[in-house]
Amino acid sequence: MDYMLTTLIVLVYLLVTLYLGYYGFRTTSNSEDYLVAGRKINPIIMALSYGAAFISTSAIVGFGGVAGLFGFSLLWLSALNILIGIMIAYAVIGKRVRRVGYRLKALTFPELLGKMYNSRFLQSFSGAIVFLFMPLYAGVVLIGAARFMEVSLSIDYNLALFILAIIIAIYVVYGGLIAVIYTDAFQGTIMLFSMMFLLFATYSMLGGVIEAHNLLTSYNDVAIKIFHESGKIVGHMGWTAFPTFGSPAWWVVVSTLILGVGIGVLAQPQLAVRLMTVASDKDLDRAVPVGSFFVFIMTGTAFIVGALSNAYFLKEFGKPSIAVAGGNVDKIIPVFINSIMPEWFVALFMVTLLAAAMSTLSSQFHTIGSALGRDVFQAGILRGKRDEKTISITRIAIAFGILFSIMLAYVLPIGVIARGTAIFFALCASSFLLVYIGGLYWNKASRQGAITSVIVGFVGSLLYLTFIKAKEATELGICKALFGVNTLASYPWTVVDPLVIALPTSTLVFVIVSLMTKEKVVKEIEVKT
């Protein structure tokens with residue numbers, strides 16, 4: 001790589017990012033500015049920020065690499081992300097969230113839940129979940145960017161992690177959500193153009209769309225021999241075919257990757273807060289086309305390129321992507337880009353991944369900090385009595401969140417990016433989704449039903465990961481230590497995602513307990529636009 005060119009591109013990018021962080025610092029004067037950007041963000045800026053916070057190195061490197069394993073079947077996740085994560089989130093739920101957030105003066109996602117149900121416990125407990133478990137998601141995002149820097153710059157992985165964390169900490173801790181949103185929008189623009197170029201270049205190199213897809217299809221028999229017949233990924237039918245129904249590969253793709261992330265996006269705290277930053281419902285409608293196009297290009301490109309990397313590597317080297325990447329699925333995209341792209345694009349794409357990581361991480365760290373500072377400390381410990389310390393406590397909490405995420409990035413195993421993301425998305429969906437939707441739309445929802453549902457969804461997900469889901473249970477080792485076996489269940493439950501069990505259970509509990517209790521959500525939350 002041309003290090004002078006790389007240095008110049010990175011410096012320009014960092015200067016703009018730091019300026020936007022400084023701008024956020026100068027324009028932040030109170031808690032509403034710091035936590036929801038004063039509720040006055042332009043809809044296009046919000047859409048780019050939402051998309052950039054949603055699409056991280058986890059999607060590009062992690063899920064792009066997983067597409068190198070499972071192929072085009074992951075495009076169903078892209079479709080679900082657009083349908084649920086953009087269209088339903090903006091045009092339907094977003095409008096209600098904006099009104100409710102404004103009416104109840106909620107500044108964080110846990111605070112929105114707590115105020116809808118008039119429960120400080122719900123707010124503080126939800127905040128504790130976010131503070132303790134979002135670092136897992138942040139950790140895998142850090143890994144994605146650090147892996148690309150490791151491959152592209154030939155530097156130590158640990159050094160790359162350290163550099164990333166320091167840069168992000170500077171503008172998130174001091175700038176608040178205004179800085180986060182504007183830097184996200186800037187970074188999202190870089191990501192959009194880079195991914196469009198990558199998609200065009202990949203298809204051009206393989207002879208066009210039809211030729212590229214035909215070439216990849218011709219290698220399906222190779223995939224079956226490598227994965228299905230060898231027993232490595234039972235049910236794998238090729239990179240342009242869906243896995244066999246009911247097979248281990250099918251359960252992983254459908255329950256964990258498609259449903260876990262596709263549904264879980266609705267209950268992501270850092271994304272829900274974005275919906276409270278615009279001034280009107282019309283702004284959310286205007287954001288739909290921008291957000292849909294952004295997510296389509298970002299996820300679609302990552303999944304298509306990840307799958308097509310097999311066609312290139314098999315044609316040139318006689319080996320699939322996972323073999324060229326040394327068995328680490330998280331290195332498939334970095335190795336592919338470094339193999340086929342000119343030096344200037346490798347440098348630009350490194351900045352793209354930095355942008356993807358920093359946009360998501362800034363939102364995550366801001367959410368982690370606000371969860372501890374406002375939801376746990378102020379609402380839970382101080383019982384909502386004081387507000388002047390919120391920003392300072394939040395900044396300290398962000399610093400702790402950054403340190404925790406870095407620690408996880410150091411110790412998590414290889415190939416964990418997509419899996420870590422799916423775990424956090426499913427945990428949020430199982431814990432929050434029905435309480436969130438029910439509080440917005442169901443007038444029979446009760447405080448007791450909401451609290452019980454969140455606890456059942458959260459605890460149920462953790463128990464399933466610890467004792468049932470084979471991969472996680474084996475790595476944790478708790479089940480083995482207590483019962484002498486890696487998992488307490490047999491197939492297919494050992495490959496089914498916790499979301500499939502925990503979400504219906506928390507839903508049932510929410511409905512039954514709400515109907516059995518007299519105290520309902522009595523706050524009038526409709527607000528005229």
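Fair warning: this is a prediction, and the values are worked out from it, not measured in the lab.
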Given the rule in the side chain to side chain contact (heavy atoms under 4.5 Å, CB included) test, do Lys469 and Thr256 qualify, once you have shown the distances and angles that lead to the verdict? CA-CA 11 Å; Lys469 187 81 179 297; Thr256 300; 3.8 Å; yes

Side-chain donor-acceptor contact under 3.5 Å, Ser255 with Asp497: no

Polar side chain donor-acceptor pair, Asp375 to Thr108, under 3.5 angstrom: yes

Classify the ring geometry of [X] against [Y]: parallel below 30°, tilted from 30° to 60°, perpendicular beyond 60°.
| X | Y | value |
| --- | --- | --- |
| Phe425 | Tyr137 | perpendicular |
| His236 | Trp239 | perpendicular |
| Phe483 | Phe467 | perpendicular |

Shortest non-hydrogen contact from [X] to [Y]?
| X | Y | value |
| --- | --- | --- |
| Ile84 | Ile263 | CD1-CG1, 4.4 Å |
| Gly68 | Asn310 | O-ND2, 2.8 Å |
| Leu113 | Leu122 | O-CD2, 3.6 Å |
| Cys479 | Asn486 | CB-O, 3.6 Å |
| Gly235 | Ser247 | CA-OG, 3.4 Å |
| Met195 | Ala302 | CE-N, 3.7 Å |

Check for a donor-acceptor pair, side chain of [X] on one end and backbone N or O of [Y] on the other, with a separation under 3.5 Å.
| X | Y | value |
| --- | --- | --- |
| Ser506 | Ser430 | yes |
| Asp330 | Gly62 | no |
| Tyr90 | Gly291 | no |

How many angstroms lie between atom [atom1] of [X] and atom [atom2] of [Y], to the nearest 0.5 angstrom?
| X | Y | atom1 | atom2 | result |
| --- | --- | --- | --- | --- |
| Leu503 | Leu433 | CG | CG | 6.0 Å |
| Leu259 | Trp76 | CG | CH2 | 12.0 Å |
| Leu136 | Leu427 | CG | CG | 9.0 Å |
| Thr466 | Leu476 | OG1 | CG | 5.5 Å |
| Ile437 | Phe510 | CD1 | CZ | 10.0 Å |
| Ser405 | Met134 | OG | CE | 9.5 Å |

Within the 4.5 Å heavy-atom criterion, are [X] and [Y] side-chain neighbours or not?
| X | Y | value |
| --- | --- | --- |
| Ser309 | Ile333 | no |
| Val305 | Leu308 | no |
| Phe424 | Val140 | no |
| Glu472 | Tyr464 | no |
| Phe109 | Thr367 | no |
| Ile455 | Ile451 | yes |
| Ile60 | Met298 | yes |

Take Val454 and Ile129 through the side chain to side chain contact (heavy atoms under 4.5 Å, CB included) test and state the conclusion after the steps. CA-CA 10 Å; Val454 169; Ile129 292 175; 4.2 Å; yes

With a 6.0 Å cut-off (strictly less than), is the heavy-atom count around [atom1] of [X], excluding the residue itself, greater than 12?
| X | atom1 | answer |
| --- | --- | --- |
| Tyr491 | OH | yes |
| Phe404 | CZ | no |
| Tyr157 | OH | yes |
| Tyr410 | OH | yes |

Option passing side-chain contact (heavy atoms from CB on, under 4.5 Å) with Trp493 (candidates Thr487, Val500, Ile468, Leu488): Ile468

Can you check whether Phe400 and Phe131 have ring centres sitting under 6.0 Å from each other? no

Tell me if the aromatic rings of Tyr436 and Phe432 count as close, with their centers under 6.0 Å from one another. no

For Ser194, enumerate each residue passing the side chain to side chain donor-acceptor pair (under 3.5 Å) test, keeping only those at least two apart in sequence or located in another chain. Thr352

Passes side chain to side chain contact (heavy atoms under 4.5 Å, CB included), Phe345 versus Leu198? Steps please. CA-CA 9 Å; Phe345 183 79; Leu198 175 61; 3.9 Å; yes

Which is it for Leu77 and Thr299 under the side chain to side chain contact (heavy atoms under 4.5 Å, CB included) test, yes or no, and what are the steps along the way? CA-CA 8 Å; Leu77 173 57; Thr299 59; over 6 Å; no

